[in-house]
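Worksheet: the structure to be examined is printed underneath.
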Amino acid sequence: DANKIFAPINKLRYLCLKHGIKTFISQDFHHPAHISFASTYDKPLFSKQKLDLVMENGDKLIVEQIMWPTHCVQNTKGAQFHSDLFVFFNDKIIQKGTKKNVESYSAFGDEFYGQYENTGLRRWLGYKHITDIVIVGIATDYCVYNTVLDAVNFGYHVHLILSCIRGVDEITTKKALDHLKEIKAVTIYDDVDDFFELNKIYFYKL
């Protein structure tokens with residue numbers, strides 16, 4: 001049902017543009033032989049594999065990696081934004097997963113707090129003096145979930161709109177949402193109207 005999120009996301013995008021809210025788009029942009037691809041290691045799709053990695057700075061790591069289908073390969077159609085998504089000239093484009101041997105579910109960078117891949121998102125948010133982030137997109141149980149966790153750890157308040165997100169798997173999606181509901185710095189809304197209604201005092205001041 002991922003295609004069902006375009007209409008509410010575009011509605012949110014229009015309202016953000018109308019109120020002058022700063023926006024960024026996270027773009028997966030993977031090396032053709034990225035460590036997350038089952039094809040890289042000739043392993044079964046969605047299996048979990050332990051990988052011995054050598055990072056660019058020489059660090060040696062052992063990680064457990066989910067083997068995903070090949071997706072969002074750099075400079076291919078698969079990495080382009082969907083044609084149904086509104087993309088505006090003033091959007092900040094954040095590319096992630098650009099390094100061959102680093103998994104980056106979060107828009108902020110890798111799971112090691114950006115030690116091996118830092119997208120620069122945190123620096124950009126700080127420069128814009130942003131305190132609250134509205135997160136939408138896919139996938140609820142991976143990229144959205146990890147971006148929310150990083151944002152909370154970095155001191156931001158996160159707003160999550162259920163009509164604007166979709167997960168990969170029902171079980172892992174429920175687990176992710178159940179965890180996020182327990183975090184005080186995360187506010188969850190049913191839809192875009194719910195989000196704007198509960199925050200209308202703020203938007204009227206813009």
Side-chain angles (χ1 to χ4, degrees), residues 1-10 12 25-30 34-53 61-73 78-79 81-82 84-85 94 96-97 101-114 116-117 119 121 133-154 156-195 198:
D1 292 332
N3 285 335
K4 293 182 179 179
I5 68 176
F6 286 113
I9 286 178
N10 286 337
L12 175 67
I25 302 179
S26 171
Q27 179 187 28
D28 267 13
F29 207 67
H30 295 314
H34 193 257
I35 66 163
S36 70
F37 296 165
S39 59
T40 300
Y41 301 98
D42 193 25
K43 297 295 184 180
L45 283 174
F46 309 116
S47 63
K48 292 184 179 180
Q49 303 292 330
K50 286 191 175 180
L51 305 178
D52 294 309
L53 304 176
L61 303 175
I62 299 177
V63 302
E64 185 176 71
Q65 176 66 49
I66 297 176
M67 297 286 100
W68 296 106
T70 302
H71 64 282
C72 301
V73 175
F81 297 125
H82 197 286
D84 289 343
L85 177 69
I94 302 291
K96 67 184 184 70
N101 64 338
V102 181
E103 177 67 279
S104 296
Y105 289 128
S106 169
F108 289 91
D110 62 54
E111 61 182 323
F112 306 100
Y113 295 100
Y116 303 108
E117 182 182 48
T119 65
L121 175 58
I133 306 174
V134 184
I135 296 180
V136 302
I138 55 174
T140 307
D141 37 352
Y142 292 95
C143 295
V144 170
Y145 177 66
N146 283 276
T147 301
V148 172
L149 292 183
D150 274 355
V152 170
N153 286 333
F154 292 141
Y156 296 100
H157 187 100
V158 175
H159 304 263
L160 195 63
I161 304 176
L162 296 179
S163 65
C164 297
I165 59 176
R166 286 295 186 277
V168 172
D169 177 81
E170 183 177 346
I171 294 176
T172 52
T173 296
K174 183 180 184 304
K175 182 178 179 180
L177 288 175
D178 285 346
H179 180 211
L180 296 180
K181 290 174 182 177
E182 297 175 354
I183 301 176
K184 291 182 179 180
V186 178
T187 304
I188 299 177
Y189 309 83
D190 289 329
D191 52 38
V192 175
D193 290 337
D194 186 30
F195 167 72
L198 293 175

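The residues of the chain are indexed from 1 along the displayed sequence.
With rounding to the nearest 0.5 angstrom, the CD1 atom of Ile183 is 8.5 Å from the CD1 atom of Ile188. The distance from atom CG of Leu53 to atom CG of Asn101, rounded to the nearest 0.5 Å, is 6.0 Å. Ile25 CD1 to Phe81 CZ: the interatomic distance, rounded to the nearest 0.5 Å, is 4.5 Å. Residue His157 holds its NE2 atom at 3.0 Å from OG1 of Thr187, rounded to the nearest 0.5 Å. Note: Ile35 CD1 to Gln65 CD = 4.5 Å, rounded to the nearest 0.5 Å. Remark: Lys43 NZ to Met67 CE distance equals 8.5 Å, nearest 0.5 Å.
With a 4.5 Å cut-off on side-chain heavy atoms, Asn10 and Leu85 count as touching. In this structure, Tyr145 and His179 have side chains that are in contact, with non-hydrogen atoms separated by less than 4.5 Å. Counting only heavy atoms from C-beta outward, the side chains of His82 and Phe6 approach each other to under 4.5 Å. Leu149 places none of its side-chain heavy atoms less than 4.5 Å from the side chain of Ser106. Inter-residue side-chain proximity for Leu177 and Leu162 is flagged as met; some heavy-atom pair is nearer than 4.5 Å. With a 4.5 Å cut-off on side-chain heavy atoms, Asn146 and Asp150 do not count as touching. Between Val158 and Val152 there is a side-chain heavy-atom pair separated by less than 4.5 Å.
Within 6.0 Å of the OH atom in Tyr113, the count of heavy atoms belonging to other residues, nucleotides or ligands does not exceed 12. Around atom CG of Asp178, more than 12 heavy atoms belonging to other residues, nucleotides or ligands sit under 6.0 Å away. No more than 12 heavy atoms of other residues, nucleotides or ligands sit less than 6.0 Å from atom CD1 of Ile138.
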Notebook entry, point to check: Can Phe37 and Val73 be said to form a side chain to side chain contact (heavy atoms under 4.5 Å, CB included), step by step?
Noted result: CA-CA 10 Å; Phe37 296 165; Val73 175; 4.0 Å; yes
Margin query: Please determine whether side chain to side chain contact (heavy atoms under 4.5 Å, CB included) holds for the pair Glu103 and Ile66, giving the CA-CA distance in whole Å, both sets of side-chain angles, and the decisive distance to 0.1 Å.
Written below: CA-CA 10 Å; Glu103 177 67 279; Ile66 297 176; over 6 Å; no
Margin query: The test is side chain to side chain contact (heavy atoms under 4.5 Å, CB included); show your working for Ile135 and Tyr156 and say whether it passes.
Written below: CA-CA 12 Å; Ile135 296 180; Tyr156 296 100; over 6 Å; no
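Judged by distance alone, the side chain of Thr40 and the main-chain N or O of His34 form a donor-acceptor pair under 3.5 Å. Side-chain N or O atoms of Gln27 include one that pairs as donor or acceptor with a backbone N or O of Ala79 at under 3.5 Å. With His30 contributing its side chain and Gly97 its backbone, the two residues share a donor-acceptor pair below 3.5 Å.
In this view, Lys184 satisfies the side-chain contact (heavy atoms from CB on, under 4.5 Å) rule with no residue, not counting sequence neighbours. Applying the side-chain contact (heavy atoms from CB on, under 4.5 Å) criterion to Ser104, with sequence neighbours excluded, gives Lys96, Val102, Asp110, Glu117. With sequence neighbours excluded, the residues satisfying side-chain contact (heavy atoms from CB on, under 4.5 Å) with Ala107 are Phe24, Ser26, Leu121, Thr147. Partners of Leu45 according to the side-chain contact (heavy atoms from CB on, under 4.5 Å) rule, which considers only residues two or more places apart in sequence or in another chain, are Ala38, Pro69. In this structure, the ring-ring contact (aromatic ring centres under 6.0 Å, His included) partners of Phe46, at least two apart in sequence or on a different chain, are Trp68.
Among pairs with a residue in residues 158-169, those fulfilling side-chain hydrogen bond (donor to acceptor under 3.5 Å, both in side chains) read Asp132-His159, His159-Tyr189, at least two apart in sequence or across chains.
Ring geometry, Tyr142 versus Tyr105: the interplanar angle falls from 30° to 60°, so the pair is classed tilted.
Partner of Ile165 under the side chain to side chain contact (heavy atoms under 4.5 Å, CB included) criterion, out of Thr173, Thr140, Asp141: Thr140 alone.
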